[in-house]
Structures are given as structure tokens and as C-alpha cells.
Amino acid sequence: MVIATELCALSEYRIYPGNGKLFIRRDGKPIWLGTAKAHSLTLQRKKAAKLVWTQAWRRLHKKGITETTTKKRSRRANKVQRAVVGASLEDIKKKAAEKSGFRSQQREAALKEVKARKTANKTKSGGKGSAPKGSQFQKVPKHMGGKGRRGTTQR
């Protein structure tokens, strides 16, 4: 046999037939309250989440759910190396296998080569590529006059 039960609006406990009060709010919504304590606290406009014995507080503070549900374990995605545009997978693996000292030597050699190229270009052009200092624009100070009221409206 199934018994029709209501839920208390404050505590969320089951209310069996013959118990509790049906309280009609000002807006016309019917609210079931299981005990005089729940009725009193509702009239005082107490929040159910702040009362330790209510289901709302227990839900908010994650009480009593450890035995029912366990945390699902998520599988981690495996990392896969892929080729990048301009470099194949073999090239990437070769670079990773190289020692850092070898790579730094390569970098230094490339920098020396670039510097040598720059000095060669300078000597070839004779230094006339850069403009003389006198022809550059002269810095002019900004106009700083006024009373310091920027963007204000007159009153």
C-alpha cells in the first residue's frame, strides 16, 4: 500500500497524513510544514540552509553522500607526438635527442655568422645608409599649459 506523503518546505522531511500544517503564503502558494518548529522558523523567515538539522544544510555541506556515490575516475589522455608543418616527426625526435650543449654551439655559430654578415654590409655601404644625426626630427615638448582640468565639464 502506497501512502501519499508531503515534503516539509523547511526541513524537507516526509510528512505523513494527519501530521503537519498547510500554510498558505501571501502570494497564494501552499507550503507544507511538518512540525511546529518548522512553522515557527518559517514565520521568522529563517533560511533552511543555515539550520544544521535541515536537508538543505546537509546538501550544501555535502553530508551523507559519501556512501551512496563514489568519485568517478577519469582516464587521462595519452600524449601523442605529431609532425608539425615544416618539420617531420623524425626531425623533431632527432632535435629532442640532441644535447643542449650541441644546440647552444649551433646557436652561437649562427649568431656569429649573422654578425659577420652585418659588419660586411656596413663596410660595403660605407656607412652612408644611416642618416646623419642633425637631420633627425628634434623632440618638441608637449604643451603643458592650462589648469590641469582635463575632460571636465563646466558648471
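In what follows, every heavy atom counts, from backbone to side chain, and hydrogens, waters and symmetry copies are set aside.
Considering all non-hydrogen atoms of both residues, T54 and S11 come closest at CG2-CA, 4.0 Å. Across I31 and A9, no two heavy atoms sit closer than the pair CG2-CB, 3.1 Å. Annotation for C8 and A38: closest pair SG-CB, 3.9 Å, computed over non-hydrogen atoms.
In this structure W53 satisfies the ring pair (Phe, Tyr, Trp, His ring centres under 6.0 Å) test with no other residue, sequence neighbours excluded. Residues passing the side chain to side chain contact (heavy atoms under 4.5 Å, CB included) test with T119, sequence neighbours excluded: none. With sequence neighbours left out, the salt bridge (Lys or Arg N to Asp or Glu O under 4.0 Å) criterion links R58 to no other residue. Residues passing the side chain to side chain donor-acceptor pair (under 3.5 Å) test with T5: none are found, sequence neighbours excluded. Listed by chain and residue number, Q81, L89 satisfy the side chain to side chain contact (heavy atoms under 4.5 Å, CB included) test with K93 (two or more places apart in sequence, or in another chain). Legend: residues meeting side chain to side chain donor-acceptor pair (under 3.5 Å) with E108, ordered by chain and number and at least two apart, are absent. Scanning for side chain to side chain contact (heavy atoms under 4.5 Å, CB included) contacts around K29 gives R25, D27, with sequence neighbours left out. Applying the side chain to side chain donor-acceptor pair (under 3.5 Å) criterion to R75, with sequence neighbours excluded, gives no partner residue. With sequence neighbours excluded, no residue satisfies side chain to side chain donor-acceptor pair (under 3.5 Å) with Q138.
Pairs passing the salt bridge (charged side-chain N to carboxylate O under 4.0 Å, His left out) check and including a residue from residues 31-51, sequence neighbours excluded, do not occur.
Alongside V80, the hydrophobic cluster contains no other residue (criterion: ILVMFWY side chains under 4.5 Å).
Here the straight-line distance linking atom CD of Q55 with atom CG of L10 works out to 11.0 Å at 0.5 Å rounding. Separation of atoms CH2 (W57) and NE2 (H61) is listed at 5.0 Å; rounding is to 0.5 Å.
Of the charged side-chain nitrogens involved, at least one lies within less than 4.0 Å of a carboxylate oxygen, so that E113 and R117 count as a salt-bridged pair.
Between the side chain of S125 and the backbone N or O of N121, at least one donor-acceptor pair lies under 3.5 Å.
Side-chain contact between L43 and H39: present, with at least one pair of heavy atoms (C-beta onward) separated by less than 4.5 Å. At least one side-chain heavy atom of L51 sits less than 4.5 Å from a side-chain heavy atom of L41.
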Please output the side-chain donor-acceptor pairs of residues 14-23 that fall under 3.5 Å, not counting sequence neighbours, one pair per line with the distance.
{"residue": "R14", "atom": "NH1", "partner": "Y16", "partner atom": "OH", "Å": "2.9"}

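Hydrophobic clustering, with ILVMFWY side chains joined whenever heavy atoms are under 4.5 angstrom apart, keeps L60 apart from V52.
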